[in-house]
Peer 1: 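Have a look at this one before I ask anything.
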Amino acid sequence: MLYELIGLEKILGGRKIFDIDRFSIRSGRIYSLTGPNGAGKTTLLKILAFIDRPTAGEIRFFTKSVLQVEGDLLELRRQVVMVDQSPLLFTGTVIDNVEFGLKMRKIPAAERRKRAIEALQQVGMERFDRTEAHRLSGGETKRVALARALAIRPKVLLCDEPTANVDSEHQKIILDILAAINRQDKTSIIFSTHYQSLEQQLAHFCLHLQHGHLSEHQADNVYHAELIERGQRRSSCRLAERVIISVPTRSIPAEPLFNLRIDQDKIRLAAITGDRQTEGSLVEGRVAQIREENGGVAVKLHAGIVLDLTLSPEIYADRSLRVGEIVAVVIPDEAVHCIPNSGDVRPV
Amino acid sequence: MELLRDSVISAFLLLMQLDPELLFIIWVSIKVSGLSTLAAAALGIPAGLVLAQAVFPGKRFVLTCLNTLLALPTVVIGLVVYAFISRRGTFGSFGLLYTQEAIIIGQIILIVPLVTSLTIAAVSKLDERYRMSAMTLGADRYQAALVIFQEARFGIVAAVVAAFGRVIAEVGIGMMLGGNAKGFTRTMTTAMALEYDKGEYVLAVALGVVLMSIAFGVNMLFHFFQGRTRTDAL
């Protein structure tokens, strides 16, 4: 278990911000954290990052109880990093900033430079390594702040509204980076966000903080999956005890029960029933809801499971979907991600 | 008016001739003020960094006391230090009275509150996210304080420059603790006071010109650093 929060309470200026009775957050997952303004999302992230202290209660980090004393906190802080909603870069060049955390850990200069360049390459900012940090735009600053966090190779990455005040091009870049580090480096990620945001699609689980209480629910398009037949190349899984889909065997975890996430923007409408142009699964369902969302068209499909998909306005206009219509969709292999119940996320 | 004109002309001639007595007085002033400013910076900057960031009961009271100390008259400092370093004082055996060291001690007491207060002001107006960023990136308290120092450095340097300007222009401490001994503890301000008493305006005006030039230079520096701080904030 990554975090266990027991009787966690925070009082600021005489006002109780939250009072979390008992809550667990698993490692290797991506969690979104939603809640109304002033609900305490940022405060909770700061406490999870060990840069703020709870008024009362206990935090266990990797099952070890956290003593709120500076020596212990420094050690824990070096495993977790938080990226602010509007990050500030220190005076100096971009590379100086990215090397900062490594310098604090007394990493030798050559290794420091190598890791900083790698982190900058991850966020696509390697060309700016010698640029003065204060000359960067808002989106670039956010990417460098992310690189500064990634260079440390933290076990946990906490992001406060990672795509706030960022144009759509940079939003996509940031979300792709977050997905990639979770997949490749097994980094646990918790990010605060608002409802129906783009990054909600990234989360395996959603945390919701309201009236001081924290709750968890499965994210959209994340299902409990059961392996029913393991083939040499492809295997069959049953989702939510209802729908059977075919998944490449190499992506299936060792245990028979796991979670499975389907990227909603990669699902496409089948041209005709039986369309199998790419490897994947074909699912039929009834259109239950259509709405405009983030410049695309969000469709909710009842197909035994509730399947959310996002269409471009052109495709939606071309197909002129109607609520109640039965449609077939193709779930390509690249849209499917297996999330073991223990351990790390396995990409397809 | 004629007196002032003649005095200014004579003063410039004195400066052009690089009069040894005049140069020594300038040297003593700069040396004493420079050393006291360095010592006050060494004490006041860390104190300011700690006070700006620490949260403790009675912090408001400490800050009020600090602000009160800013208004401490130089003659009061002179009297208090005199009580300690005069022959009958606690530190009388060190023989500090009427030495340059005595002036330095008095001046340190005068400007430590100033350096501390201006450091607190420079650090307090710095965005809290700098400290948060340093901490989440793994900085310990000392490393985080260094980051704060680096980001607030222009404001802190301006504090030190202002403190130097304050001590180089003060007269009370120099007179009471230094004794204005010729060729030993005579500073520009104490020499000017003496020359005025004697009715000798030429040296007084020459020293005044130098003092004003130094004050102008110090203020130029102060505005330069303040300007940098503002540019940084943008």
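Every chain is numbered from 1, with letters handed out A, B, ... down the list of sequences.
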Peer 1: Sort A:Arg77 into side chain, backbone, both or neither according to what part of it lies under 4.5 angstrom from a heavy atom of chain B.
Peer 2: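 For A:Arg77, backbone and side chain are both near chain B.
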Peer 1: Report the option among A:Ala149, A:Ala49, A:Ser86, A:Ala151 that has the most heavy-atom pairs separated by less than 4.5 Å from atoms of chain B.
Peer 2: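 That would be A:Ser86.
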Peer 1: Report the distance from atom CG of A:Asp52 to atom OG1 of B:Thr136, rounding to the nearest 0.5 Å.
Peer 2: 12.0 Å
Peer 1: Among A:Arg78, A:Arg148, A:Lys103, whose side-chain contact (heavy atoms from CB on, under 4.5 Å) with B:Leu137 holds?
Peer 2: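 Output: one option passes, namely A:Arg148.
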Peer 1: Kindly check if the number of other-residue, nucleotide or ligand heavy atoms within 6.0 Å of CZ (B:Phe12) is above 12?
Peer 2: no
Peer 1: Non-hydrogen atoms of chain B under 4.5 Å away: do they reach the side chain of A:Phe100, the backbone, both or neither?
Peer 2: side chain
Peer 1: Looking at B:Met212, I want to see if its CE is surrounded by more than 12 non-hydrogen atoms of other residues, nucleotides or ligands under 6.0 Å.
Peer 2: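 Check fails, neighbour count at 12 or below.
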Peer 1: Is the count of non-hydrogen atoms from other residues, nucleotides or ligands lying under 6.0 Å from B:Phe56 atom CZ greater than 12?
Peer 2: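 More than 12 within 6.0 Å, yes.
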Peer 1: More than 12 heavy atoms of other residues, nucleotides or ligands under 6.0 Å from CZ of A:Phe23: yes or no?
Peer 2: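 More than 12 within 6.0 Å, yes.
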Peer 1: Given a strict heavy-atom distance threshold of 4.5 Å, which part of A:Leu88 is in contact with chain B: side chain, backbone, both, or neither?
Peer 2: both
Peer 1: Using non-hydrogen atoms and a 4.5 Å limit, figure out which bit of A:Leu158 sits close to chain B: side chain, backbone, both or neither.
Peer 2: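 No part of A:Leu158 comes within 4.5 Å of chain B.
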Peer 1: Judged by atom type as modelled, is there a donor-acceptor pair below 3.5 Å linking the side chain of B:Glu151 to the main-chain atoms of A:Phe90?
Peer 2: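 No, B:Glu151 side chain to A:Phe90 backbone: no donor-acceptor pair under 3.5 Å.
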Peer 1: Output the option from A:Arg105, A:Gln79, A:Glu75 having the highest count of non-hydrogen pairs under 4.5 Å with chain B.
Peer 2: A:Arg105
Peer 1: Counting neighbours of NZ on B:Lys59 that are heavy atoms of other residues, nucleotides or ligands and sit closer than 6.0 Å, is the number greater than 12?
Peer 2: yes
Peer 1: Do you know which two heavy atoms are closest between B:Gly138 and A:Met104, and how far apart they sit?
Peer 2: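 That would be O-CB, 3.7 Å.
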Peer 1: In terms of heavy-atom proximity below 4.5 Å to chain B, should A:Val83 be classed as side chain, backbone, both, or neither?
Peer 2: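 A:Val83 has no heavy atom closer than 4.5 Å to chain B.
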Peer 1: Heavy-atom distance under 4.5 Å between the side chains of B:Met132 and A:Lys46, does that happen here?
Peer 2: yes
Peer 1: Chain B heavy atoms under 4.5 Å from A:Ile51: which part of the residue, side chain, backbone, both or neither?
Peer 2: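 Both parts, backbone and side chain.
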Peer 1: Check for a donor-acceptor pair, side chain of B:Arg129 on one end and backbone N or O of A:Leu89 on the other, with a separation under 3.5 Å.
Peer 2: no
Peer 1: More than 12 heavy atoms of other residues, nucleotides or ligands under 6.0 Å from CD of A:Gln121: is that the case?
Peer 2: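 Above 12, so yes.
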Peer 1: Is it the case that atom CZ in A:Arg53 sees more than 12 heavy atoms from other parts of the structure closer than 6.0 Å?
Peer 2: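 More than 12 within 6.0 Å, yes.
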